[in-house]
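Only one structure is covered here, and it is reproduced in the block below.
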Amino acid sequence: MPRDPLIGLVGKPSAGKSSTLNSLTDASSKVGNFPFTTIDPQRAIGYLQIDCACKRFGLSDRCKPNYGSCVNGRRSVPIELLDVAGLVPGAHEGKGLGNKFLDDLRHADALIHVVDVSGTTDAEGKNTRGYDPSVDIAWLRSEIVAWIRGNLMDKWGSIKRRHVAVKATAVETLQGQFSGYGSTAVVVARTLDRLGLKEPLEEWSDETIDRVVNAFTDEKFPTVIALNKIDHPDADKNIAKIAKMQDPNTIVLCSAISEIFLRKLAKQGYIRYTEGSEFVDTREDLIADGDPDGGGLKELDEKNRNRIENLKDMVLYRFGSTGVNQVLSKAAEILGLTPVFPVRNTTTFSSGANESKAVFRDCVLVKKGSTVADVGRKIMGDAPIAYIEGAGGIRVAEDQIVSVGKNDILSFKVGRA
């Protein structure tokens with residue numbers, strides 16, 4: 001099944017980007033045939049948590065995803081991640097791995113910027129104390145803007161002359177320049193609509209070009225700010241400062257190392273823990289709750305027992321979770337992703353042989369505003385589609401919009417209409 005869009009993870013050295021990536025891609029508890037990280041060394045598969053359609057129809061016990069997993073109607077859907085390495089100040093000038101960093105960045109549909117909110121690493125990732133992490137947020141954006149603006153201004157004179165000569169629209173001219181960043185005409189049109197510019201492109205001032213580049217950056221690279229290491233004593237003051245400077249809807253508080261630690265102990269049989277939950281049960285907790293066998297869990301040593309208690313107090317009870325699952329959920333939210341469930345039979349919701357009792361085997365993620373026809377092209381490619389059915393066998397028009405609970409269960413009938 002298709003597995004786009006692509007979410008890029010960025011962050012300076014020692015910000016916790018690798019830990020965040022590992023916590024997002026830990027497939028140890030996932031069911032199905034989806035590989036862990038095998039696309040290429042920089043790409044991985046993460047798991048987005050969504051409410052599955054099986055819950056809507058009371059079929060959670062029969063939901064068997066081909067990829068990911070579904071537990072009690074909470075589904076883990078594979079989504080592709082890109083580890084964008086080389087973020088240092090001056091990347092747009094080629095410093096560090098700057099050229100490679102920016103070249104990799106352009107493939108992403110959205111970014112997750114992992115920020116060390118403890119302030120214990122400086123701009124280059126070296127150990128320090130009292131560093132202001134809000135600076136990191138500002139200079140990531142400034143690097144992207146400077147990169148795009150520099151490329152545009154290098155040939156602005158030629159761009160204007162051609163624009164006038166061929167009588168192009170501003171969207172056509174800018175798309176010709178921005179296509180190398182993975183842009184589309186729709187993204188460019190949204191950029192210009194946001195600004196409401198009156199003057200023709202050939203008369204744009206430097207200030208107008210700056211506004212266009214900044215607006216394009218917002219449209220092409222929507223960014224989730226993952227404030228990592230929230231369990232550090234210095235984190236609170238930095239969180240408060242950043243919350244006043246950034247859109248709170250783009251911020252997620254997280255502790256990637258805590259999530260990795262909890263999953264490791266759960267896998268080894270020392271604790272009972274559900275990913276994304278605020279609850280952790282030890283053998284002692286379950287015995288105290290009346291289970292003489294302690295849930296069959298192993299007994300923790302004193303060091304890990306104390307670490308679990310500290311983690312509960314500093315992270316889980318204060319923030320409600322480690323925040324790791326929320327990072328991907330927020331990225332999906334800002335992209336407006338909608339889960340769609342292709343099935344063969346829209347009455348039984350099966351996808352395989354008629355005797356199969358498994359339901360909702362597949363799930364794809366599409367952009368908000370996608371039509372039924374868009375979904376059909378994503379799934380069926382160039383195969384001719386005679387007609388399309390929705391839940392209950394009702395025929396659905398190609399121009400219908402898909403959304404959660406509406407036109408999100410579809411069966412594409414191959415043939416000539």
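Because the structure is predicted, anything quoted here is derived from the model rather than measured.
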Measure the acute angle between the ring planes of F360 and F341, then classify it against the limits of 30° and 60° as parallel, tilted or perpendicular. perpendicular
Parallel, tilted or perpendicular: which fits the ring planes of W147 and Y181, with parallel below 30° and perpendicular above 60°? perpendicular
What distance do [X] atom [atom1] and [Y] atom [atom2] have between them, rounded to the nearest 0.5 Å?
X: K12; Y: E124; atom1: NZ; atom2: CD; value: 10.0 Å
X: R307; Y: L265; atom1: CZ; atom2: CG; value: 8.0 Å
X: L316; Y: E309; atom1: CG; atom2: CD; value: 10.5 Å
X: I388; Y: S411; atom1: CD1; atom2: OG; value: 9.5 Å
X: L48; Y: L24; atom1: CG; atom2: CG; value: 10.0 Å

Check each of E202, H163, R162 against T173 using the side-chain hydrogen bond (donor to acceptor under 3.5 Å, both in side chains) test, and report the only one that passes. H163
Looking at K55, I want to see if its NZ is surrounded by more than 12 non-hydrogen atoms of other residues, nucleotides or ligands under 6.0 Å. no
Between I50 and L337, does a side-chain contact (heavy atoms from CB on, under 4.5 Å) hold up when you go through it step by step? CA-CA 11 Å; I50 66 163; L337 298 183; over 6 Å; no
Whether D285 side chain and T282 backbone form a donor-acceptor pair below 3.5 Å: yes
side-chain contact (heavy atoms from CB on, under 4.5 Å) between D218 and R194: does it pass, once the steps are laid out? CA-CA 10 Å; D218 290 337; R194 174 190 288 202; 3.1 Å; yes
Would you tell me whether [X] and [Y] have side-chain atoms, one donor and one acceptor, within less than 3.5 Å of each other?
X: S76; Y: Q49; value: yes
X: Y131; Y: D116; value: no
X: S23; Y: T20; value: no
X: R149; Y: N214; value: no

Mind running side-chain contact (heavy atoms from CB on, under 4.5 Å) on D132 and K241 for me, showing each step along the way? CA-CA 9 Å; D132 181 359; K241 179 178 181 178; 2.5 Å; yes
Residue pair L152 / V212, side-chain heavy-atom distance below 4.5 Å: no
Shortest non-hydrogen contact between Y47 and I45, atoms and distance: CE1-O, 3.9 Å
Quick one, D374 with K367, criterion side-chain contact (heavy atoms from CB on, under 4.5 Å). Give me CA distance, side-chain angles, the key distance, then yes/no. CA-CA 10 Å; D374 293 332; K367 296 281 186 73; over 6 Å; no
